[in-house]
Every structure is written in C-alpha cells, then in structure tokens.
Amino acid sequence: MKACVDIGGTKVAVSLATGAPDSIAPDAAKAGRGALLGRISEPTAKTGSNDAVALQILRLIDQVCDSQQVDRASIDGVGVSSAGPFVMAEGMTELASPNICGGIAGPARGLPNDWTTALLEAPLRARFANVRVENDAVSALEAERRWGALRGFDHCAYVTWSTGVGIGLCVDGHVLRGKNGNAGHAGHSFVTSGELDALCGCGNVGDVEGIAAGNAIARRFHQPAEQLLAAALAGEAEAVSRADHLCEVMGRMLYNLVVTLDLQAISLGGSVFWNNRDWLLPRLESRIAGRLAALTDGVSLMPAGLGDKVGDYAALALVA
Ligand SMILES: [Zn+2]
C-alpha cells in the first residue's frame, strides 16, 4: 500500500494506492480515480514551526488509512508531488516555495510564518523507509510517460500552463532532476523583454510565468485567464491580440526546450491550456514548426493523455 501526497500552495491532498501500481491500465487511469483511494485534502499548513507541512502530511496519511480501514503499518512507500522550488539540507528535500514560506519575500507577502524553508523529506523518512519527493511537473511527466501521451518517448517534456508554468524534462530516457531537484523551472526563463508590468512571484520582471501564467494574466489584464481566452475564442480583436502574444511567449519557451534538449514530444496540461486546448495548440505549434528544421521536424505537441487528471496521478507515478 502506497501513500500519494500532492502539495500545492493552497492545499495538501493525500490518497492511498493499492496493489501493484503497474497493474493500473492506461484506460483505468483515464477513466477516473479507480486507482486512488480515500483522497482527502486540507489547506496547506502555514503556521507554527517549519515542520508543520510534514506533520500535516503524516497526520493526513493516518487519517486516510483510518477512513479506509487500512493498517497504518502497511504503508510501505510515499510519493510526494509538490510545488517547488526545493532546497537540499543534508541530502533531504525542503520546500522553498514562495507561496508557502513567508520568510522568503518577508512580511509584505502576507503569509502567517517567517519560514525560509519548510521541512519535508526528513520527517517523512523518520517514519517511512521509501519516500520520493519530486516537483509536481516532474511527477506529472512521470505519469504522462507511464500512462499518458508520452508513453514510448525517451526525449520529452510535460508542460503545465496553469496558475503557474511548470515543466518536467526527460532526455535519453532519464528524467532530469538537477542539483536541488529543480530542473525544468523554465517558467522563470526570459523569452522577451520590455514587459514592465509582468512581475513574477519569483521577483523576475518579464519571465514566462510573469507574462503568461494564469495568475499573471489576471494581474496584467484585470480579468481571469478563462475570461480573456473566452473572448479570444469569440474573436474579440483585443483579446485575440493578447492571447496571441501569450502563445508567442509560451511557444518560444517550447521551441527553446525542443532545440536545447533535442526533444521528440511535449505534452501539455494545466487549466489555462486544457480548457482552451483546441484554440491554443495550433498557435503554439506554429511557433515551432518550420524553425530550424533539423531540430524541430517531426516534434509533436500534444494535449496531456491523462487530461485534467494528470495531477491526480502524479504522486502515484513516483511510487509506481
Ligand atoms: Zn519567475
């Protein structure tokens, strides 16, 4: 029995997965939540000492076990898919997410703690021998490679275009991690200049996330991303122009990933993309096709095979 943990800036969710994860057929994964048991979620702990998130996870695992009448001692693996970035302390992953740790940006950020990092892996390892922590986009990439659109690809990426922009990368069959498990933070790369109204939560002005993420769209255009894209789909000229520019920024980032890593395929998910995928996909493809053909010919951009359930299967993929 495995525990699957999903940590976001807003909520923490825990569920259990039974049996041999490899027995989960792709169709079962697509069909729904059959493989995951007893999912519960709570607002992410942000008060008290900086082990509060880890203690919350341990408590929620016990709670799910009890609600499912599962022996707590039968949990032999924990997969944690979490918002990043991470830092390492004595070989253990800690959270350094600006939406959880109030000490990073200081009191102006308004979080009810002064944590510069939040403990994560060490308290879990004190109880469970088998713990794997990955960035949520990396976990989603693993789920897409196992059950979704990226099956069979050794050179690929998963990109989520949602409240933020996250990327998981795989080259030569190896999922990239980097020195602190932060490989794939291309959402904080610069692809344009002069975006003076585009302040990212990371402090950069004019990076991809600061320009095109769901939270940036809302801040820059004073309307939810969903509303802007609905207007673009309806053909309203100003909205089309803004949405085209968002596609140019995202498309350049995708192109940069393809040519830097020699990728075959990228699958895309996240609410901004997923809810408007038919309109966005060809506009993103047009930023790649025809440029430097030796590197881009035959590259596939695809909607996530797991659809809007990628996140549900991300943590499961880590213990599968
Ligand atoms: Zn940024």
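Predicted model only: the values in this text are computed from it and were never measured. In listed order, ligands and their atoms are each counted from 1.
- When atom types are taken as modelled, the side chain of Ser97 and the backbone of Asn99 share a donor-acceptor pair closer than 3.5 angstrom.
- A salt bridge between Arg177 and Glu134 is present, with a side-chain N of the basic residue lying under 4.0 Å from a carboxylate O of the acidic one.
- You'll find the side chain of Val133 stays beyond 4.5 Å of the side chain of Met92, heavy atoms only.
- Side-chain contact of Asp207 with His188: a donor-acceptor pair under 3.5 Å is present, judged by distance alone.
- Closest approach of Val240 to Ala232, counting heavy atoms only: CG2-O, 3.4 Å.
- Within the protein, the number of N, O or S atoms lying under 2.8 Å from the Zn ion (ligand 1) is 4.
- When atom types are taken as modelled, the side chain of Lys46 and the backbone of Gly9 share a donor-acceptor pair closer than 3.5 angstrom.
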